[in-house]
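Numbering of residues begins at 1 and proceeds along the displayed sequence. All values below come from the heavy atoms of this structure, side chains included, with hydrogens, waters and symmetry mates left out.
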Amino acid sequence: MDFEIQRCTRHCAATGRELAPGEEFYSVVTSEGANVVRYDYSCDAWQGPPSKAIGWWKSQIPGPETKRKHWAPNDVMLQFFDELAEQPDKQDMRYVLALLLVRR
């Protein structure tokens with residue numbers, strides 16, 4: 001099953017305060033009926049995951065100097081995928097790469 005999970009809102013769900021660049025925060029994904037909903041919380045407002053949480057994690061708001069990560073071009077990823085076919089000890093990596101390529 002695939003779920004569309006929204007991006008970070010950059011606002012605390014409990015206080016409404018905007019999260020500052022470089023600030024650590026908690027995110028939680030909950031099941032609300034047929035929907036999966038994400039909430040972000042400042043560290044001060046975090047009281048632990050709710051009982052209906054599917055998952056939660058701690059992260060950090062990127063700063064203005066943070067460079068965005070970019071994926072390799074498709075042809076590079078496909079070439080790497082083919083190279084991994086000849087390496088039996090790297091089949092786990094090949095599987096994950098296949099999942100990434102399918103999502104593209």
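- The hydrophobic clustering, which links ILVMFWY residues whose side-chain heavy atoms are closer than 4.5 Å, places Y39 and V29 apart.
- Under a cut-off of 6.0 angstrom, the local environment of CG in D75 is crowded, with over 12 non-hydrogen atoms contributed by other residues, nucleotides or ligands.
- Of all heavy-atom pairs between T30 and A53, the closest is CG2-CA, 4.1 Å.
- Rounded to the nearest 0.5 angstrom, Q60 CD and E24 CD are separated by 5.5 Å.
- Taking all atoms of both residues into account, the shortest heavy-atom contact from Q91 to A85 is NE2-O, 4.1 Å.
- Considering every non-hydrogen atom in both H11 and G16, the closest pair reads CD2-O, 3.5 Å.
- L84 contributes atom CG, which lies 8.0 Å from atom NZ of K90 (distance to the nearest 0.5 angstrom).
- For the atom pair CG of D44 and CZ of F25, the computed distance is 14.5 Å after rounding to the nearest 0.5 Å.
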Evaluate the criterion side chain to side chain contact (heavy atoms under 4.5 Å, CB included) for residue pair M93 and F80; output intermediate values, then yes/no.
CA-CA 10 Å; M93 185 184 301; F80 185 51; 3.6 Å; yes
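- A distance of 10.5 Å separates CZ in R94 from CD in Q87, rounded to the nearest 0.5 Å.
- Connection of V36 to W57 is established within a shared hydrophobic cluster, with ILVMFWY side chains joined at heavy-atom distances below 4.5 Å, either directly or through further cluster members.
- One distance of note links CH2 of W46 with OG of S27; it measures 8.0 Å at 0.5 Å rounding.
- The two residues L19 and C12 make their nearest non-hydrogen contact at CG-N, 4.2 Å.
- V28 approaches P50 most closely through the heavy-atom pair CG2-CD, 3.7 Å.
- Shown here is Q47, whose CD atom has no more than 12 heavy atoms of other residues, nucleotides or ligands within 6.0 Å.
- No donor-acceptor pair closer than 3.5 Å links the side chain of D40 to the backbone N or O of C8.
- Under the 4.5 Å side-chain criterion, counting only non-hydrogen atoms from C-beta, W56 is not in contact with Y41.
- Summarising the geometry, atom CG belonging to L78 is positioned 8.0 Å from atom CG belonging to L97; distances are rounded to the nearest 0.5 Å.
- Closest heavy-atom contact between E23 and S42: OE2-CB, 3.8 Å.
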